[in-house]
Amino acid sequence: MRSHFFRLRAWLPTHNVTPALEETAVLCGTSWSYETASTVLRRLTDASLCAKTIQLLVQRSAKPVNANAVKEYETAKRKAIKTALAGIQPASSISSRARQTKPPTPPSPPRHRTYLGFDGVFVPGRASPRGMEGKVAIVFTDDPEDRVEISKNRTLLLWKEYAGSFGPYQSIAETVYSLVWNLDLPRGNLVVLGDGARWIRAIRNLYFPKAAYLLDWWHLKERVYDGLREIYPRRHQWHQRRKLNESLLSRLWHGDHSGALAELAEIVPVHAAAKEALRTLTVYLTGNAEGIVDYQAWQEMGRTISSSIVEKTVDLLVSRRCKHQGMSWSRDGADAITLLRTIVENDRWEQHCELRRAA
């Protein structure tokens, strides 16, 4: 039978923890499993905190992060409204001189782009055998001053901002929206980068309607290959599948999505599974048509066409901590870990601790 003092025993250990020890315990729990964090903490500080206590401390430390995110989003909305109102001028205030045709202005140099990369990741969940999806984001630019090439095909970003959440897609959207406005990032050349998921397109349409949309080339290529493999599953269809795959990828590499759709329309599937695979691939290309650009031209101009940077973000914020064998997460627990790991990766841990001490 559960003791009447169960909740009291769960509260007492955290109540007696000093602020400095709590910060260390939370940092350990954010980095490793709670059991490992308990062992590391005991060896580092000679303090004995059980795994459950560290878990409670982590969840308690994450609560102010959510509250602060709400404040930052409200600040960002006020900035956006103020900027929009400043751009509106009554017709009566326009002078007759301003109404005259202005001489053509010289073309401005190409501006650097700010990329908003999004991706999803599933972790084992307690409430669902399928697991639950977390969403991560990274904000970066293609400014040469913000990156360093450390080896062939490997680039180090000198400036970037991370975001992560296990809530609905509106949560990650509001966080990125706050980053764009509160950090005064250039908003005239935004690019939303994703793998074609519907929630990524929804974020772009609702929160960044003026941003360009870019479908990641690697995911596009994989979807075409997987779709054709289901349309032509037989061994004797291998040459036909390979020929069509090369033709479609050649068209898509140059941004010719309408030509690719025309080729798919000529396919006559034999089996029901092939028919469904053809429909799925067609819907994917149609829904992401706006994001299919001339990838070769973009690559030649030094622009990003791959979401590999976003997949690295998935690894940093979620996979390294939440996707180990035997782990099973509640939504609140996974969200707390992701929020705190985001703070660490954004190099704001000391600022977070100072705010906790002030509170």
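Note that the structure is predicted; figures quoted are calculated from it, not measured. Index from 1, following the sequence.
Note that the OG atom of Ser319 and the NZ atom of Lys312 stand 10.0 Å from one another [nearest 0.5 Å]. The structure places CG of Leu27 at 12.5 Å from CG of Leu57, a figure rounded to the nearest 0.5 Å. Taken to the nearest 0.5 Å, the CG atom of Asp195 stands 8.0 Å off from the CD atom of Glu311. A distance of 5.0 Å separates CD in Gln55 from CD in Gln59, rounded to the nearest 0.5 Å. If you take OG on Ser330 and CE on Met132, they are separated by 6.0 Å, rounding to the nearest 0.5 Å. For the atom pair Thr342 OG1 and Leu317 CG, the distance stands at 4.5 Å (nearest 0.5 Å).
Between the side chain of Glu174 and the backbone N or O of Ser171, no donor-acceptor pair lies under 3.5 Å. Using a distance-only test at 3.5 Å, with no hydrogens or angles considered, no donor-acceptor pair links the side chain of Asn288 to the main chain of Gly291. The backbone N or O of Leu49 lies less than 3.5 Å from a partner atom in the side chain of Ser38, making a donor-acceptor pair. No donor-acceptor pair closer than 3.5 Å links the side chain of Asp143 to the backbone N or O of His112. Although no hydrogens or angles enter the test, the distance criterion places a donor-acceptor pair under 3.5 Å between the side chain of His254 and the main chain of Ser250. Proximity of a side-chain donor or acceptor of Arg341 to a complementary backbone N or O of Thr30 within less than 3.5 Å is detected. Remark: side-chain polar atoms of Asp119 are not paired, donor with acceptor, to backbone N or O of Ala137 under 3.5 angstrom. Under the 3.5 Å distance criterion, the side-chain polar atoms of Arg241 are matched with a main-chain donor or acceptor of Tyr232. At least one donor-acceptor pair under 3.5 Å links the side chain of Thr45 to the backbone N or O of Leu41.
For Arg223 and Tyr284, the positive end sits near the middle of the six-membered ring, less than 6.0 Å away and at most 45° from its axis. Both the sub-6.0 Å distance and the 45° axial angle are not jointly satisfied by Lys77 relative to the ring of Trp181. Taking the ring centre of Tyr34 as origin, the terminal cationic atom of Arg321 falls inside the region bounded by 6.0 Å and 45° from the ring axis.
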Test side-chain contact (heavy atoms from CB on, under 4.5 Å) applied to Ser165 and Asp335, step by step
CA-CA 6 Å; Ser165 173; Asp335 195 51; 3.5 Å; yes

Apply side-chain contact (heavy atoms from CB on, under 4.5 Å) to Trp329 and Cys322, showing your working.
CA-CA 8 Å; Trp329 295 90; Cys322 300; 3.6 Å; yes

Assess the residue pair Glu345 and Lys160 against the criterion (salt bridge (Lys or Arg N to Asp or Glu O under 4.0 Å)); give the C-alpha distance rounded to whole Å, side-chain angles, the decisive distance to 0.1 Å, and a yes or no.
CA-CA 10 Å; Glu345 293 297 335; Lys160 53 190 175 295; over 6 Å; no

Could you go through the side-chain contact (heavy atoms from CB on, under 4.5 Å) check for Leu193 and Leu116 one step at a time?
CA-CA 6 Å; Leu193 171 63; Leu116 315 177; over 6 Å; no

List the steps, then state whether side-chain contact (heavy atoms from CB on, under 4.5 Å) holds for Phe140 with Ile309.
CA-CA 9 Å; Phe140 62 100; Ile309 297 175; 4.0 Å; yes

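Side-chain atoms of Thr282 and Arg279 form no donor-acceptor pair, as typed in the model, at a separation below 3.5 Å. Side-chain contact check for His352 and Ser61: at least one donor-acceptor pair (N or O, by modelled atom type) lies under 3.5 Å. There is a side-chain donor-acceptor pair under 3.5 Å between Thr141 and Asp146. Of the N and O atoms on the side chains of Thr36 and Ser33, at least one donor lies less than 3.5 Å from an acceptor on the other residue. Between Asn205 and Tyr213, the side chains place no donor N or O within less than 3.5 Å of an acceptor N or O (distance only, hydrogens not considered). Side-chain contact of Asp315 with Thr313: a donor-acceptor pair under 3.5 Å is absent, judged by distance alone.
Counting only heavy atoms from C-beta outward, the side chains of Asp332 and Phe166 never approach each other to under 4.5 Å. At a threshold of 4.5 Å between non-hydrogen side-chain atoms, the residues Thr155 and Val148 do not count as touching. Considering only heavy atoms from C-beta on, Tyr162 stays 4.5 Å or farther from Val136 through its side chain. Residues Val26 and Arg60 have side chains not in contact (no heavy-atom distance under 4.5 Å, counting atoms from C-beta outward). Between Arg147 and Thr304 there is a side-chain heavy-atom pair separated by less than 4.5 Å. By the 4.5 Å heavy-atom criterion applied to side chains, Leu228 and Ile231 are counted as neighbours. Contact check for Ile172 versus Ile203: side-chain heavy atoms found under the 4.5 Å cut-off. Side-chain contact between Phe118 and Lys135: absent, with no pair of heavy atoms (C-beta onward) separated by less than 4.5 Å.
Between Cys28 and Val40, the closest heavy-atom pair is SG-CG1, 4.4 Å. Between Gly120 and Glu133 the shortest heavy-atom distance is CA-OE2, 3.5 Å. Among all heavy-atom pairs drawn from Leu339 and Gly164, the shortest one is CD2-O, 3.5 Å. Ala277 and Gly227 get closest at one heavy-atom pair: CB-O, 4.2 Å.
A salt bridge links Arg229 and Asp226; the closest N-O separation between the charged side-chain nitrogens and carboxylate oxygens is under 4.0 Å. Between Arg356 and Glu23, no side-chain nitrogen of the basic residue sits less than 4.0 Å from a carboxylate oxygen of the acidic one, so the salt-bridge criterion is not met. Using a cutoff of 4.0 Å between basic side-chain nitrogens and carboxylate oxygens, Glu354 and Arg357 are not scored as salt-bridged. Salt-bridge annotation for Glu290 and Arg204: present, with a side-chain N of the basic residue lying under 4.0 Å from a carboxylate O of the acidic one. Salt-bridge check for Lys71 with Glu74: failed, with every basic side-chain N at 4.0 Å or more from each acidic carboxylate O.
Residues forming a side chain to side chain donor-acceptor pair (under 3.5 Å) with Glu161 (at least two apart in sequence, or on another chain): Arg348.
Two different hydrophobic clusters hold Trp32 and Ile343 under the rule that ILVMFWY side chains link at heavy-atom gaps under 4.5 Å. Under the 4.5 Å side-chain contact rule for hydrophobic residues, Trp349 and Trp159 share a cluster. Under a hydrophobic-cluster definition in which Ile, Leu, Val, Met, Phe, Trp and Tyr are linked whenever side-chain heavy atoms come within less than 4.5 Å, directly or via other members, Leu214 and Leu157 are assigned to the same cluster. Placement of Tyr225 and Leu220 in two distinct hydrophobic clusters is found when ILVMFWY residues are connected by side-chain heavy-atom separations under 4.5 Å, directly or transitively. Hydrophobic clustering (side-chain heavy atoms under 4.5 Å, transitive across Ile, Leu, Val, Met, Phe, Trp, Tyr) groups Val318 together with Met327.
Ring orientation note: the planes of Trp217 and Tyr295 are tilted relative to one another, at an angle of 30° to 60°. Note on ring orientation: taking the six-membered ring where Trp is involved, the planes of Tyr177 and Phe208 are tilted (angle from 30° to 60°).
Around CZ of Arg187, the count of heavy atoms belonging to other residues, nucleotides or ligands within 6.0 Å exceeds 12. No more than 12 heavy atoms of other residues, nucleotides or ligands sit less than 6.0 Å from atom CG of Asp46.
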